[in-house]
Amino acid sequence: MASNKPSVPKGTRDFSPVEMVRRNYIFDTIKSVFRKYGYQEIQTPSMENLSTLTGKYGDEGDKLIFKILNSGDFWGEAEKQQQKAEAFQFSSRSLLPVLSEKALRYDLTVPFARYVVMHQNEISFPFKRFQIQPVWRADRPQKGRYREFYQCDADVVGSESLLNEAEFVLIYQEALSKLGLRDFTIKINNRKILTGIAEIIGKPELIVDMTVAIDKIDKIGLDGVEKELLERGFTSGDIEMLRPVILLKGDNAEKLEKLKAVLEPTSVGKAGIKEIETIFDYLARLSSSSLPNVELDITLARGLNYYTGAIFEVKTNEVAMGSIGGGGRYDDLTGMFGLKGLTGAGISFGADRIYDVLDELKLFPEQSSEITKVLITNFDQDAEKYALPLLFSFRNKGIAAELYPSAAKIKKQMAYADSKNIPFVLLIGSEEIQSGELTLKDMKSGQQEKLTKEELIKKLS
RNA sequence: GUGGUUUUAGCUCAGUUGGUUAGAGCGCCUGAUUGUGGUUCAGGAGGUCGUGGGUUCGAGCCCCAUAUUCCACCCCA
């Protein structure tokens with residue numbers, strides 16, 4: 001086994017030139033919309049202190065954090081610990097802080113919260129930031145799920161206005177439309193409504209179990225949800241009360257009316273309804289058309305523990321794929337880092353899933369693989385010498401140009417231009433050098449014409 | 001973390017009950033065309049059959065382990 005076949009770690013990928021063009025198209029589109037709504041870009045390190053990340057994503061989440069092994073003699077450190085404290089027992093739990101104190105970023109929201117706390121004195125609130133960087137999860141890969149993937153987050157901290165939530169809907173709407181998606185659903189819900197429902201049933205402590213179960217309605221159906229609710233500690237009486245809420249039908253206004261009646265006894269539930277109404281009201285004033293793909297979905301829960309108000313999730317209906325975006329309001333995210341009373345709200349686009357969707361729907365624009373405008377052929381040393389100042393002039397005028405780097409066969413040089421999708425090839429042989437009229441070939445039509453340097457620059461600019 | 005699945009040429013895939021020298025299409029290289037790509041024609045190179053063990057006279061094919069791919073569950077973008 002001297003020579004291993006090279007490979008990349010499970011769930012990671014290389015991105016070749018064509019893929020990068022397409023990925024940047026996605027990033028640039030999303031970025032331009034973020035900027036349009038007043039969000040500024042930041043970046044944070046790929047790794048964070050492990051203590052920054054642990055405990056923020058729940059037990060399931062913590063397991064998926066990629067931990068970085070300490071450098072140096074960690075085994076010696078472990079033994080030193082044991083000598084110092086007799087009570088120190090070797091176990092996965094006790095050894096972890098000795099073996100690892102850094103970890104790869106799991107999402108962009110928690111590092112952002114850390115950033116806000118560390119930079120609170122330089123930041124003027126409300127602070128609107130966006131961030132596009134990879135995150136890592138030690139998950140088992142499958143369709144649309146990678147161990148390294150990019151998130152595109154926009155978050156605002158220090159503003160409790162529901163205008164932010166309304167604008168998030170518009171950002172989703174605009175960015176996804178720009179990318180060519182037509183049939184997608186922006187689902188919206190409110191944690192307070194879910195809390196209200198749990199209160200009415202009289203099981204507020206089981207709210208997480210309730211939401212996890214009803215979130216699966218699309219997947220496992222009503223019977224499955226009811227079965228899971230029973231397993232999670234609800235009685236059949238509770239389920240009787242829940243059923244009409246889960247099966248809520250109609251358009252957004254109708255759903256709101258029905259919910260209002262159900263949630264009348266709970267102040268928190270009513271507050272949730274009011275928030276949704278306010279967001280819809282903002283949206284009605286902020287957009288020219290009604291937004292047909294915004295849908296109030298009471299079964300939308302999302303896993304993350306820290307959402308307290310609005311919850312978003314975006315799904316495409318054109319391809320079978322998990323959610324391509326999500327987000328929500330979290331009242332006290334920075335509290336875990338010691339800065340209390342700062343509210344935040346944010347959304348995320350899953351760039352890799354969006355890529356897979358656009359790829360499957362063949363929605364990537366065609367022209368994008370053309371980069372170099374003109375290739376100058378290389379006949380021999382004399383021609384190369386003649387070509388260099390010309391190459392310089394082309395680039396000076398902003399024309400993307402290449403000189404073939406060796407005097408290879410013209411056939412090969414033409415094939416190179418063809419494979420790279422270069423639209424023009426300039427042929428400079430002894431004839432052209434003498435006359436000063438150079439042969440420009442249009443690769444698409446196959447036509448050739450003789451042009452002077454000035455004419456070339458004019459034509460290629 | 002649980003259950004299943006995939007892996008054969010650069011790519012997409014054939015390969016019979018275990019039997020000589022493992023095939024195709026596309027791509028690549030060379031030539032027809034020493035100054036012309038994408039079309040055509042002729043020729044050519046390229047394979048530790050994912051990896052490591054085992055069974056067998058003999059393994060791409062059977063068994064074990066491991067990696068990887070994809071899928072479902074959990075959870076999530």
Side-chain angles (χ1 to χ4, degrees), chain A residues 1-13 16 26 30 57-65 105-109 132-153 172 208 211-213 215-216 219-220 224 228 300-305 312-316 320-328 346-357 375 377-380 383 404 407-433 438-448:
Chain A
M1 273 278 293
S3 70
N4 262 331
K5 260 189 187 158
S7 63
V8 294
K10 188 200 291 203
T12 67
R13 297 140 314 145
S16 294
I26 293 173
I30 293 172
Y57 308 108
D59 288 343
E60 288 294 327
D62 281 359
K63 279 187 215 156
L64 300 181
I65 295 172
R105 191 199 294 127
Y106 177 88
D107 72 354
L108 301 179
T109 309
I132 296 180
Q133 288 189 275
V135 303
W136 292 269
R137 295 187 188 174
D139 211 344
R140 193 177 283 206
Q142 50 175 287
K143 186 180 173 74
R145 178 178 299 192
Y146 306 99
R147 297 181 112 180
E148 178 183 61
F149 62 98
Y150 278 68
Q151 288 190 328
C152 315
D153 274 30
Y172 272 135
V208 172
T211 55
V212 168
D215 192 37
K216 293 179 191 164
K219 216 174 198 172
I220 60 178
E228 185 151 346
L300 168 62
R302 300 195 52 78
L304 292 178
N305 312 331
F312 301 106
E313 182 165 279
V314 185
K315 295 202 66 174
T316 169
M321 176 67 69
S323 65
I324 55 175
I347 51 166
S348 179
F349 288 81
D352 302 80
R353 283 187 178 175
I354 291 172
Y355 183 101
D356 290 345
V357 170
L375 175 81
T377 55
N378 191 329
F379 276 78
D380 51 36
Y404 198 87
K409 286 184 180 154
I410 294 309
K411 190 180 164 78
K412 186 162 172 68
Q413 301 190 30
M414 298 293 280
Y416 172 81
D418 189 50
S419 75
K420 240 183 129 175
N421 227 340
I422 298 173
F424 294 100
V425 172
L426 188 61
L427 295 133
I428 306 176
S430 52
E431 223 177 89
E432 282 86 354
I433 292 176
L438 312 178
T439 303
L440 184 72
K441 175 160 183 164
D442 181 329
M443 292 297 275
K444 205 161 182 189
S445 66
Q447 303 270 311
Q448 300 190 174

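Fair warning: this is a prediction, and the values are worked out from it, not measured in the lab. Proteins get letters first, then strands, A, B, ... in listed order; numbering begins at 1 in each.
For B/rG4 and B/rC63, the P atoms lie 15 Å apart once the distance is rounded to whole Å. Spacing between B/rC61 and B/rU51 at atom P, rounded to whole Å, works out to 11 Å. Separation of the P atoms belonging to B/rC49 and B/rG53 is 13 Å when rounded to the nearest angstrom. With C1' as the reference atom, B/rU69 and B/rU7 are 7 Å apart, rounded to whole Å. To the nearest whole angstrom, the two C1' atoms, one in B/rG54 and one in B/rA9, are 28 Å apart. Rounded to the nearest Å, the gap between the C1' atom of B/rG25 and that of B/rG46 is 16 Å. Taking the P atom of each, B/rU6 and B/rC64 are spaced 14 Å apart, rounded to whole Å. Going from the P atom of B/rU8 to that of B/rG15 covers 14 Å, rounded to whole Å.
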Checklist entry - Just the dot-bracket of RNA chain B, please: which string comes out with Watson-Crick or G-U pairs under 3.5 Å, [ ] for crossing, | for another strand? => result ((((..(..((((.....[...)))).(((((.......))))).....(((((..]....))))))..))))....
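A/Tyr416 comes within 4.0 angstrom of nothing in the nucleic acid, heavy atoms only. The residue A/Lys216 sits close only to the backbone: its heavy atoms come under 4.0 Å of sugar-phosphate atoms, none of a base. Nucleic acid contact for A/Val135: none, since no nucleic acid atom lies under 4.0 Å from a heavy atom of the residue. Contact annotation for A/Lys409: backbone-only contact, meaning every heavy-atom pair under 4.0 Å involves sugar-phosphate atoms and none involves a base. Nucleic acid contact for A/Gly144: base, since at least one base atom lies under 4.0 Å from a heavy atom of the residue. A/Gly58 comes within 4.0 angstrom of no nucleic acid atom, judged by non-hydrogen atoms across all strands. Nucleic acid contact for A/Gly11: sugar-phosphate only, since backbone atoms but no base atoms lie under 4.0 Å from a heavy atom of the residue. Within 4.0 Å (heavy atoms only), A/Ser348 reaches no atom of the nucleic acid at all. Looking at heavy-atom distances under 4.0 Å, A/Ala417 makes no contact with the nucleic acid at all.
When rounded to the nearest whole Å, the span between CG of A/Asp215 and P of B/rC74 equals 11 Å. Here the P atom of nucleotide B/rU69 and the OH atom of A/Tyr146 are 11 Å apart, to the nearest Å. Following rounding to the nearest Å, A/Ile132 (CD1) and B/rA77 (P) show an atom-to-atom distance of 17 Å. Atom pair A/Leu440:CG and B/rU36:C1' shows a separation of 13 Å (rounding to whole Å applied). For the pair A/Lys412 NZ and B/rG38 P, the interatomic distance rounds to 12 Å; values are reported in whole Å. Distance A/Leu375 CG to B/rG37 P: 14 Å, rounded to the nearest Å. Across the protein-nucleic acid pair, A/Gln151 atom CD and B/rA77 atom C1' stand 6 Å apart, rounded to whole Å. What separates NZ of A/Lys63 from C1' of B/rC76 is a distance of 14 Å, to the nearest Å.
Under 3.5 Å, the side chain of A/Asp418 and the base of B/rG38 form no donor-acceptor pair of N or O atoms. In terms of polar N and O atoms assigned as donor or acceptor, the side chain of A/Arg145 comes within less than 3.5 Å of the base of B/rC75 in a complementary pairing. On a pure distance criterion of 3.5 Å, a polar donor-acceptor pair joins the side chain of A/Lys441 and the base of B/rU36. Residue A/Arg353 places a side-chain atom within donor-acceptor reach of the base of B/rC76, judged by atom type and a 3.5 Å distance cut-off alone.
Of the possible donor and acceptor atoms, none in the side chain of A/Arg353 sits under 3.5 Å from a partner among the backbone N and O of A/Ile324. Distance alone, capped at 3.5 Å, is enough to place a donor-acceptor pair between the A/Asn378 side chain and the A/Tyr404 backbone. Between the A/Arg137 side chain and the A/Tyr106 main chain, a donor and an acceptor come within less than 3.5 Å of each other. Under a 3.5 Å cut-off, the side chain of A/Gln413 and the backbone N or O of A/Ala408 do form a donor-acceptor pair. Side chain of A/Ser323 to backbone of A/Lys315: no donor-acceptor contact under 3.5 angstrom is found. Between the side chain of A/Asp139 and the backbone N or O of A/Arg147, no donor-acceptor pair lies under 3.5 Å.
Contact between the side-chain N/O atoms of A/Lys143 and the OP1/OP2 oxygens of B/rA72 is not found at any separation under 4.0 Å. Listed pair A/Lys444 / B/rG37 fails the phosphate criterion, with no side-chain N or O lying under 4.0 Å from OP1 or OP2. For the OP1/OP2 pair of B/rA72 and a distance below 4.0 Å, the side-chain nitrogens and oxygens of A/Gln142 include at least one atom meeting the criterion.
Of all the heavy atoms in A/Gly144 and A/Asp356, the pair that sits closest is CA-OD2, 4.2 Å. Taking every heavy atom of both residues into account, A/Glu228 and A/Ile220 meet most closely at OE1-CD1, 3.9 Å.
Residues that satisfy the ring-ring contact (aromatic ring centres under 6.0 Å, His included) test with A/Tyr355, not counting sequence neighbours, are A/Phe364.
A/Leu427 contributes atom CG, which lies 4.5 Å from atom OG1 of A/Thr377 (distance to the nearest 0.5 angstrom).
There is a side-chain donor-acceptor pair under 3.5 Å between A/Thr439 and A/Glu432.
Side-chain proximity of A/Arg137 to B/rG37, B/rC73, B/rA77: nearest is B/rA77.
In this structure, A/Phe349 does not count as stacked on the base of B/rA77 under the 5.5 Å centre distance and 30° plane angle limits.
For A/Tyr172 and A/Phe349, the gap between ring centers is short of 6.0 Å.
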Next on the checklist: Would A/Val425 and A/Met443 count as a side-chain contact (heavy atoms from CB on, under 4.5 Å) here? Give the steps.
Outcome noted: CA-CA 7 Å; A/Val425 172; A/Met443 292 297 275; 3.7 Å; yes
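If A/Arg140 and A/Gln447 are placed on RNA chain B by their nearest nucleotide, the residue sitting closer to the 5' end is A/Arg140.
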Distances for protein N or O near nucleotides 32-35 of chain B N or O, under 3.5 Å:
| unit_1 | atom_1 | unit_2 | atom_2 | d |
| --- | --- | --- | --- | --- |
| B/rG35 | O6 | A/Glu432 | OE1 | 3.1 |
| B/rG35 | N1 | A/Glu432 | OE1 | 3.0 |
| B/rG35 | N1 | A/Glu432 | OE2 | 3.0 |
| B/rG35 | N2 | A/Glu432 | OE2 | 3.0 |

